[in-house]
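This chain uses plain numbering: 1 for the first residue, then up along the sequence. Keep in mind that this is a model prediction, so the values were computed, not measured.
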Amino acid sequence: MIRYRRPKQDDSTIMQLIETELVPLSSMDEKQILDIKKDLPKRLTTGVTLVASPYYEGDAVGFVHFMLHGDLLYIDMLAVAPAAQRKRWGNLLMVQAERFALSRGCKRSKVMVDTINTIGLTFYKKLGYTPTRIHPSSKIYELEKQLQS
């Protein structure tokens, strides 16, 4: 099931997923990563965080954090625990985020993916995201998708 984040129950799992699933795929240097880690608790209070869980009271096996900017859904972070990967949790999280955004008037979605994250790039392409540009200095692909109801 997909539910809203419960900080006391979910934040330690979310931080662990960021550490194990996102940080190793980042092209940022150590200082940049440390700065981002310090900012994560505040960052999670802006936007929306949905978590995937086997049942309502269960612990998170994945999460998506996103923000809405006018007609744009910006996917900030998505991670799924290794044991829960390839079980459609990532797809379900993205579908819920996109539905949430559509219900609030968003018409397009954007996500940034590190160039070394080939699995993530393939995942988003399968969901209909198209690379729109590459940021060579930060080694990041920018992908977009038109949202449809």
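Nearest heavy atom pair, residue Pro131 against residue Lys125, reads CG-CE, 3.7 Å. In terms of heavy atoms, Gln148 sits closest to Leu102 at O-CD1, 3.2 Å. Of all heavy-atom pairs spanning Arg3 and Ser53, the tightest one is NE-CB, 4.1 Å. The nearest pair of heavy atoms linking Leu93 to Ile2 is CD2-CD1, 3.8 Å. Summarising the geometry of Pro54 relative to Asp59, their closest heavy-atom pair is CD-O, 3.6 Å, with the distance given to 0.1 Å. The two atoms that bring Leu17 and Gly62 nearest to each other are CD1-CA, 3.8 Å, heavy atoms only.
A side chain to side chain contact (heavy atoms under 4.5 Å, CB included) with Leu72 is found for one member of Met67, Lys110, Lys107 and no other, namely Lys110.
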Give the intermediate values and the outcome of side chain to side chain contact (heavy atoms under 4.5 Å, CB included) for residues Leu73 and Leu68.
CA-CA 5 Å; Leu73 163 64; Leu68 307 180; 3.8 Å; yes

List the steps and the verdict of side chain to side chain contact (heavy atoms under 4.5 Å, CB included) for Val23 and Ile33.
CA-CA 8 Å; Val23 170; Ile33 290 172; 4.0 Å; yes

Using the salt bridge (charged side-chain N to carboxylate O under 4.0 Å, His left out) rule, take Asp76 and Arg43 through it: C-alpha gap first, then chi angles, then the decisive distance, then the call.
CA-CA 10 Å; Asp76 183 34; Arg43 188 166 160 185; 2.6 Å; yes

May I have the step-by-step check of side chain to side chain contact (heavy atoms under 4.5 Å, CB included) for Arg5 and Leu50, ending in yes or no?
CA-CA 5 Å; Arg5 163 184 163 250; Leu50 300 175; over 6 Å; no

Evaluate the criterion side chain to side chain contact (heavy atoms under 4.5 Å, CB included) for residue pair Met1 and Tyr56; output intermediate values, then yes/no.
CA-CA 7 Å; Met1 81 162 304; Tyr56 185 74; 3.5 Å; yes

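Linking Ile, Leu, Val, Met, Phe, Trp and Tyr whenever their side-chain heavy atoms come within less than 4.5 Å leaves Ile14 and Val61 in two separate clusters. Under the 4.5 Å side-chain heavy-atom criterion for ILVMFWY residues, no single connected hydrophobic cluster contains both Leu22 and Leu121. One hydrophobic cluster, built from ILVMFWY side chains closer than 4.5 Å, cannot hold both Met77 and Val80; they sit in different ones. Residues Leu78 and Phe100 share a hydrophobic cluster, clusters being chains of Ile/Leu/Val/Met/Phe/Trp/Tyr side chains in contact below 4.5 Å. At a threshold of 4.5 Å between side-chain heavy atoms, the hydrophobic network of Ile, Leu, Val, Met, Phe, Trp and Tyr places Leu143 and Phe66 in one connected group.
Annotation: salt bridge (charged side-chain N to carboxylate O under 4.0 Å, His left out) contacts of Lys31 (sequence neighbours excluded): Asp35. For Tyr74, the ring-ring contact (aromatic ring centres under 6.0 Å, His included) criterion is met by no residue, not counting sequence neighbours. Annotation: salt bridge (charged side-chain N to carboxylate O under 4.0 Å, His left out) contacts of Glu19 (sequence neighbours excluded): Lys37. Asp114 is linked by a salt bridge (charged side-chain N to carboxylate O under 4.0 Å, His left out) to nothing, counting only residues two or more places apart in sequence or in another chain. Remark: Arg108 pairs with Asp71, Glu144 by the salt bridge (charged side-chain N to carboxylate O under 4.0 Å, His left out) rule, at least two apart or across chains.
One distance of note links SG of Cys106 with CD of Gln146; it measures 11.5 Å at 0.5 Å rounding. To the nearest 0.5 Å, atoms OG (Ser138) and CE (Met112) are separated by 7.0 Å. Within the model, atoms OG of Ser109 and CE of Met94 stand 5.0 Å from one another, a figure rounded to the nearest 0.5 Å. Once rounded to the nearest 0.5 Å, the distance linking CD1 of Ile140 with OG of Ser26 reads 7.0 Å. The CG atom of Asp11 lies 10.0 Å from the CZ atom of Phe63; values are rounded to the nearest 0.5 Å.
Using a 4.5 Å heavy-atom threshold, the side chains of Val48 and His65 count as separate. Side-chain contact between Ile134 and Thr115 is present, with at least one heavy-atom pair separated by less than 4.5 Å. Between Ile75 and Tyr129 there is a side-chain heavy-atom pair separated by less than 4.5 Å. Within the 4.5 Å cutoff, the side chain of Lys145 has heavy atoms near those of the Glu98 side chain. Looking at Met15 and Leu44, their side chains come closer than 4.5 Å, going by heavy atoms from C-beta outward.
Thr49 and Tyr4 share no donor-acceptor pair across their side chains, judged by distance under 3.5 Å alone.
No close placement of the Tyr141 and Tyr124 rings is indicated, their centers lying 6.0 Å or farther apart.
Using modelled atom types, no side-chain atom of Asn117 and backbone atom of Val113 make a donor-acceptor pair closer than 3.5 Å. A distance-only check finds no donor-acceptor pair linking the side chain of Thr13 to the backbone of Ala60 [under 3.5 Å].
Screening residues 79-97 for side chain to side chain donor-acceptor pair (under 3.5 Å), with sequence neighbours left out, gives Glu21-Gln85, Gln96-Arg99.
Around atom CD1 of Ile119, no more than 12 heavy atoms belonging to other residues, nucleotides or ligands sit under 6.0 Å away.
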